[in-house]
Each structure stands twice: as C-alpha cells, then as structure tokens.
Q: 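Pasting in a structure now, in structure tokens, and then I'll have a few things to ask.
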Amino acid sequence: MGPPESVRIGSDVREQLITMKRRTGVMNWNVLCRWALCRSLAEPTAPPTTSPNSDTAVEMTWKTFSGAAGDLYWWLIKQRARELGLPLDEQALHAQLRAHITRGTQYLVGDANMRDTPDLVALLS
C-alpha cells in the first residue's frame with residue numbers, strides 16, 4: 001500500500017492556489033500543496049472527506065508533489081489516519097491526502113495575516 005501515482009486537485013482548490021501564488025510569489029503548485037498538507041496535518045482533527053475530483057484542474061505525479069520527502073509525507077498521512085482510527089486501506093489514504101490538501105489550502109488562503117512568503121513560513125514554524 002503506497003502513495004498514489006498522481007495527485008489530482010479540483011478547480012476549487014486550484015483557484016485558491018492561484019491566490020496563494022499571487023500572495024506569496026511561490027510559483028510551483030507542488031510546493032504550495034506540500035505547505036497545505038502540512039498545515040492540515042497540524043490540526044488535531046480529521047479533515048472533512050472530499051469526493052474524488054471529477055474536475056481535475058491540476059495533476060502532478062506523486063514524485064513531483066512530494067519531492068525527496070515522499071516517504072515522510074506518506075508516513076505522516078498514514079500515521080494521522082491511524083491516530084484518528086480511520087481506515088488504512090489505499091483508497092482511504094488517498095482520500096485523506098486529497099482532503100488534507102483541500103483543508104490546508106482553505107486554511108492558508110483564508111488566513112488574513114498571510115500576505116507573502118515570510119508570513120507563510122512563519123505560519124508553519
């Protein structure tokens with residue numbers, strides 16, 4: 001049981017990522033999605049489940065999304081699911097990945113104090 005081959009993001013999250021790109025100057029989807037994942041994982045609760053993206057607006061391979069830290073990101077997702085008593089099958093973990101990216105993006109774009117890259121770094125420090 002491993003990470004998905006690709007990470008797909010819907011148009012709703014894509015629009016929020018565009019806002020984040022404008023605010024922070026970070027131009028790569030994968031970097032912003034990693035920040036969103038980490039922001040969501042920092043919360044003690046499970047993110048609301050999301051349905052698989054029927055309107056894939058952004059797609060990247062797992063390797064592009066995760067970079068050199070792919071094993072660590074996947075372990076963090078599995079560990080959080082285990083802590084919360086969520087299913088650990090591949091489909092459920094892939095859904096958790098999408099849900100964490102979605103929630104994390106919403107949190108980041110909704111934070112009025114986050115106006116640039118230093119604010120983004122400070123938020124997660």
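What you see is a predicted model, and the numbers here were worked out from it, not measured in a lab. No hydrogens, no waters, no symmetry mates; every other heavy atom, side chains included, goes into these values.
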Q: Which atom names give the shortest non-hydrogen contact between Pro48 and Ala99, and what distance separates them?
A: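 Closest approach of Pro48 to Ala99, heavy atoms only: O-CB, 3.3 Å.
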
Q: Answer yes if the side chains of Thr105 and Gln16 hold a donor-acceptor pair under 3.5 Å, and no otherwise.
A: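 Checked: Thr105/Gln16 side chains show no N/O donor-acceptor pair below 3.5 Å.
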
Q: Tell me, do Cys38 and Tyr73 make a side-chain contact under 4.5 Å, heavy atoms counted?
A: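 Yes - at least one pair of side-chain heavy atoms lies under 4.5 Å apart.
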
Q: Please examine the side chains of Leu97 and Trp62, heavy atoms only from C-beta on, and report whether any two atoms are closer than 4.5 Å.
A: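 Yes; the side chains approach each other to less than 4.5 Å.
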
Q: What do you reckon, is CD of Glu59 surrounded by more than 12 foreign heavy atoms closer than 6.0 Å?
A: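 Enclosed: over 12 neighbouring heavy atoms sit under 6.0 Å from CD of Glu59.
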
Q: Any ring-ring contact (aromatic ring centres under 6.0 Å, His included) involving residues 82-101? Give me the pairs, sequence neighbours left out, ordered by first then second residue.
A: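 Only Trp74-His94 qualify under ring-ring contact (aromatic ring centres under 6.0 Å, His included).
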
Q: Is there a side chain to side chain contact (heavy atoms under 4.5 Å, CB included) between Leu88 and Arg82? Walk through the geometry before answering.
A: CA-CA 7 Å; Leu88 297 174; Arg82 187 175 292 117; 4.0 Å; yes

Q: With a 6.0 Å cut-off (strictly less than), is the heavy-atom count around CD of Glu83, excluding the residue itself, greater than 12?
A: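 Counting other residues, nucleotides and ligands, CD of Glu83 exceeds 12 neighbours.
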
Q: Between Ile77 and Leu84, is there a shared hydrophobic cluster once you connect ILVMFWY residues whose side-chain heavy atoms come closer than 4.5 Å?
A: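 The answer is no; the residues belong to distinct hydrophobic clusters.
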
Q: To the closest 0.5 Å, what do you measure between CZ (Arg34) and CG (Asn28)?
A: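 With rounding to 0.5 Å, CZ (Arg34) is 8.5 Å from CG (Asn28).
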
Q: Contact between Leu86 and Gln96 at the side-chain level, heavy atoms closer than 4.5 Å - yes or no?
A: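 Result yes, sub-4.5 Å side-chain heavy-atom pair found.
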
Q: Got Thr61 and Val7 here, is their nearest side-chain heavy-atom distance under 4.5 Å?
A: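 A side-chain contact under 4.5 Å is absent here.
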
Q: Quick one: are Met60 and Ser6 in side-chain contact, heavy atoms under 4.5 Å?
A: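 Result no, sub-4.5 Å side-chain heavy-atom pair not found.
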
Q: Just wondering, do Trp29 and Ile18 contact through their side chains at under 4.5 Å, heavy atoms?
A: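 Yes, side chains in contact.
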
Q: Compute whether any side-chain donor of one residue and acceptor of the other, for Ser40 and Arg103, lie under 3.5 angstrom apart.
A: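 Side-chain D/A pair, Ser40 to Arg103: present.
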
Q: What verdict does the side chain to side chain contact (heavy atoms under 4.5 Å, CB included) test give for Leu76 and Arg80, after you've listed the backbone C-alpha separation in whole Å, the side-chain angles of each residue and the deciding distance to 0.1 Å?
A: CA-CA 6 Å; Leu76 289 169; Arg80 175 51 54 87; over 6 Å; no

Q: Given side chains that start at C-beta, do those of Lys78 and Leu93 come closer than 4.5 Å, heavy atoms only?
A: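 In short, these two side chains touch, coming nearer than 4.5 Å.
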
Q: Look only at the side chain of Thr24 and the backbone of Val26, and say whether a donor-acceptor pair between them is shorter than 3.5 Å.
A: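 Side chain of Thr24 to backbone of Val26, a donor-acceptor pair under 3.5 Å: yes, one is there.
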
Q: Which heavy atom of Phe65 sits nearest a heavy atom of Ile101, and at what distance?
A: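 Minimum heavy-atom separation between Phe65 and Ile101: CE1-CD1, 3.9 Å.
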
Q: Run the side chain to side chain contact (heavy atoms under 4.5 Å, CB included) test against Asp71 and tell me which residues pass, sequence neighbours left out.
A: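 Per chain and number, Asp71 pairs via side chain to side chain contact (heavy atoms under 4.5 Å, CB included) with no residue.
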
Q: Hydrophobic clusters here meaning ILVMFWY residues chained together by side-chain heavy-atom distances under 4.5 Å, can you tell me if Trp35 and Trp75 are in one?
A: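 Result: yes, single cluster for both.
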
Q: Identify the residue among Val13, Thr19, Leu32, Leu17 that makes a side chain to side chain contact (heavy atoms under 4.5 Å, CB included) with Val109.
A: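 Checked Val13, Thr19, Leu32, Leu17 against Val109; only one passes side chain to side chain contact (heavy atoms under 4.5 Å, CB included): Thr19.
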
